[in-house]
Amino acid sequence: MENQKQSGNDKKRGTLSRVLEFAGSRKSNYVCSVLLAILSVLSGFIPYIFMAKMVTGLLEKTADFQYCLMQCLGMAVFFVLQRLFHAGSTLMSHKATFEVLANIRRQLTKKLARMPLGDVLDESSGTYKNIIVERVDSIETTLAHMIPEVTSNLIIPFVIFAYMLHIDWRLALISLITVPVGGIFFMLMMVGSKESYENTVVKTKALNDTAVEYIGGIEVIKAFGKAKSSYDKFVIAAKEGADCFIEWMRRCNIYQNAALVLMPATLLALLPFGAVHFINGSVTASDLLMLIILSLGLITPFVVAASYMDDLTKMGTIVGEVTEILDKPELVRPDTMEESIAGTDICLRDVRFAYKKDEVLHGIDLTIREGTVNALVGPSGSGKSTIAKLVASFWDVDDGSISFGGVDIRKIPLDDYQKMIAYVSQNNYLFDMSVMENIRLGNPKATDEQVMEAAKACGCHDFIIGLENGYDTICGGSGSHLSGGERQRISIARAMLKDAPIIILDEATAYTDPENEALVQRSVAKLVQGRTLLVIAHRLSTIASADQIILINDGNVEACGTQEELLEKSALYRRMWQAYSAAKEEDHV
């Protein structure tokens, strides 16, 4: 069985370690990118040496035209090499980076499929969408440029400084006097940066969630005249999202500009002290000139590397958000089947389950026989849908067990078990693609003819043919181009096409009118022959002929049996039936 627990050392891994893990087989691309970046910086530095030699030769009157021409040619060659090495480094880093982003998104989407449904629903869809799409995408520039450029820009200054020490260690050290002064300003700028960035993350998440809520609920907002209050909420979130960045940048602006002005100004100390040493004869003109040229490129690489620090902090936070999701507990399942399944009976034994701390099922004992029609009924909030979702393995039970064919479902590989379950809820999701492809999701290998047969069996072929483009009609986001009843019937056709031995209908006919509901019920009756059906319905007439009606009340099984048996022995079911019958008679009046 897979070990889902993360070790302490694993959780403490740094951002770079996580990034290299996501890079997978592309790690070598990052290594090549760094090496090429170092060669690029070196190639950009060498022309300064040619220039210094040429100027020195001219000052000492030892350089002729041919000598100067050779120095210029050398500068040109290394300038071209610098551009080629830089292009190669960027190409390698981008190849690795896009693989990292793809792997992050693949792992996140796979993780969501393996997590308990309750944990997924604890976060809004806007939060997940923000992390998987926008926030992961926002680290592309940082990853593609930071790893090669920061590493190379941190290595080359040490090489330059070592050469300056070789020329004259005194002037080399004097040239660095402005560095600690600028460093103090950088330190002042970084005070509170972590808290400030975390504040921007919180405010940005709030803005994203508010925007998704506002757009998703625009129909209700307009219908009930809440446009102003809802828009005000969005405006406040947008203002707070902008203000947190503005205040942070305003606080950092003075310190950052002071540091960027002072740190590269190596000539402020080198020129006066160098002039004194030259006058005293302790340094030659050519050495002083070389030191001046070298000092011009000494601090700039550090400044370039430092410019990525904010991006590095941002990337660390985003990678932290990604790993927080990836480290969440999963449904614990084996990789391979270890026990033999005998039939498709489903047995719940002393099942207890809680949403966070509130227990909603209190020791459920229930048997669903192979090939039978079983109905879960009861008051709203009694636990019917929870039982259906536990059987579908959307969650794991907190205590007790659920077995399938005599095997605890926790011992069945998740992919194998999901193939045995066809689940249709009252709010089933349709993707923004054709009706044909939405139904085919039930069985990706199905032919067009098989898709149409499933649609005909579920009574939705005629209305599909009547759509603008028939089976090629695009359903829209969440199926927005179709009515609620049409979406529901397509979802049922999709489940039927899956041809699973267990079919779960969770209020699956909630959006269908009485005529279509009867059609769907007749279709379901034909298609579930030899299969097991578990259905949740408030319209009691639709399940009156069920083999077993399970009455759930306050998280307990209050009674089980046929319609006649429950009417005879359960006062609660009699009241529910009488209330339903009375409401139905009123509808006919």
Side-chain angles (χ1 to χ4, degrees), residues 15-16 19-20 22-55 69-104 136-164 179 186 256 259-260 263-266 290 292-316 318-319:
T15 300
L16 181 59
V19 168
L20 291 177
F22 292 132
S25 60
R26 294 284 187 175
K27 292 177 187 175
S28 58
N29 283 24
Y30 275 130
V31 175
C32 291
S33 176
V34 170
L35 292 176
L36 290 172
I38 292 173
L39 292 174
S40 173
V41 176
L42 279 173
S43 299
F45 166 68
I46 290 175
Y48 288 102
I49 298 177
F50 283 111
M51 183 188 302
K53 288 182 177 181
M54 185 173 64
V55 173
L69 182 62
M70 293 302 296
Q71 302 306 310
C72 291
L73 183 61
M75 284 188 285
V77 169
F78 280 97
F79 176 77
V80 173
L81 286 176
Q82 188 267 336
R83 301 311 302 169
L84 290 175
F85 286 137
H86 180 269
S89 173
T90 302
L91 176 63
M92 288 293 182
S93 65
H94 275 83
K95 283 184 176 180
T97 295
F98 287 124
E99 182 68 19
V100 168
L101 301 187
N103 280 337
I104 289 176
V136 169
D137 191 62
S138 69
I139 66 176
E140 180 269 324
T141 302
T142 303
L143 273 178
H145 295 278
M146 184 196 71
I147 291 180
E149 292 185 17
V150 168
T151 50
S152 60
N153 280 293
L154 290 178
I155 292 173
I156 296 305
F158 288 104
V159 177
I160 295 174
F161 187 64
Y163 188 46
M164 292 177 66
V179 174
F186 265 130
Q256 183 181 25
L260 292 177
M263 289 189 73
T266 53
M290 181 64 74
I292 291 172
I293 292 175
L294 291 176
S295 70
L296 293 173
L298 182 61
I299 303 302
T300 301
F302 279 117
V303 174
V304 172
S307 68
Y308 284 99
M309 290 303 103
D310 284 345
D311 292 329
L312 182 60
T313 302
K314 174 182 177 182
M315 186 176 73
I318 294 172
V319 171

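Nothing fancy with the numbering, it's 1 onward along the sequence. Worth saying up front: this structure is predicted, and the values here are computed from it rather than measured.
Atom CE in M54 sits 4.5 Å away from atom SG in C72 (nearest 0.5 Å). The distance from the CD1 atom of I299 to the CG atom of L260 is 12.5 Å, given to the nearest 0.5 Å. Note that NE2 of H94 and CD of E140 are 4.5 Å apart. Values are rounded to the nearest 0.5 Å. Atom-to-atom distance recorded for L42:CG and F85:CZ is 9.5 Å, nearest 0.5 angstrom.
Not counting sequence neighbours, S93 has no partner by the side chain to side chain donor-acceptor pair (under 3.5 Å) test. In this structure I293 satisfies the side-chain contact (heavy atoms from CB on, under 4.5 Å) test together with Y48, A52, L289, sequence neighbours excluded. Applying the ring-ring contact (aromatic ring centres under 6.0 Å, His included) test to F158 and every residue at least two apart in sequence or in another chain returns F302.
Across all non-hydrogen atoms, the minimal contact from T97 to L143 is OG1-C, 3.5 Å. Between I104 and I139, the closest heavy-atom pair is CD1-CD1, 4.3 Å. Here the shortest heavy-atom pairing between N29 and A96 reads CB-CB, 3.8 Å.
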Mind listing the side-chain donor-acceptor pairs of residues 73-83 below 3.5 Å, one per line with the distance, residues two or more places apart or on another chain?
from	atom 1	to	atom 2	distance (Å)
Q82	NE2	S40	OG	3.4

Donor-acceptor contacts, no H, no angles, side chain residues 31-39, under 3.5 Å, sequence neighbours left out:
from	atom 1	to	atom 2	distance (Å)
S33	OG	S89	O	2.8
S33	OG	S89	OG	3.1

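Residues in residues 90-101 take part in these salt bridge (Lys or Arg N to Asp or Glu O under 4.0 Å) pairs, two or more places apart or across chains: E99-R106.
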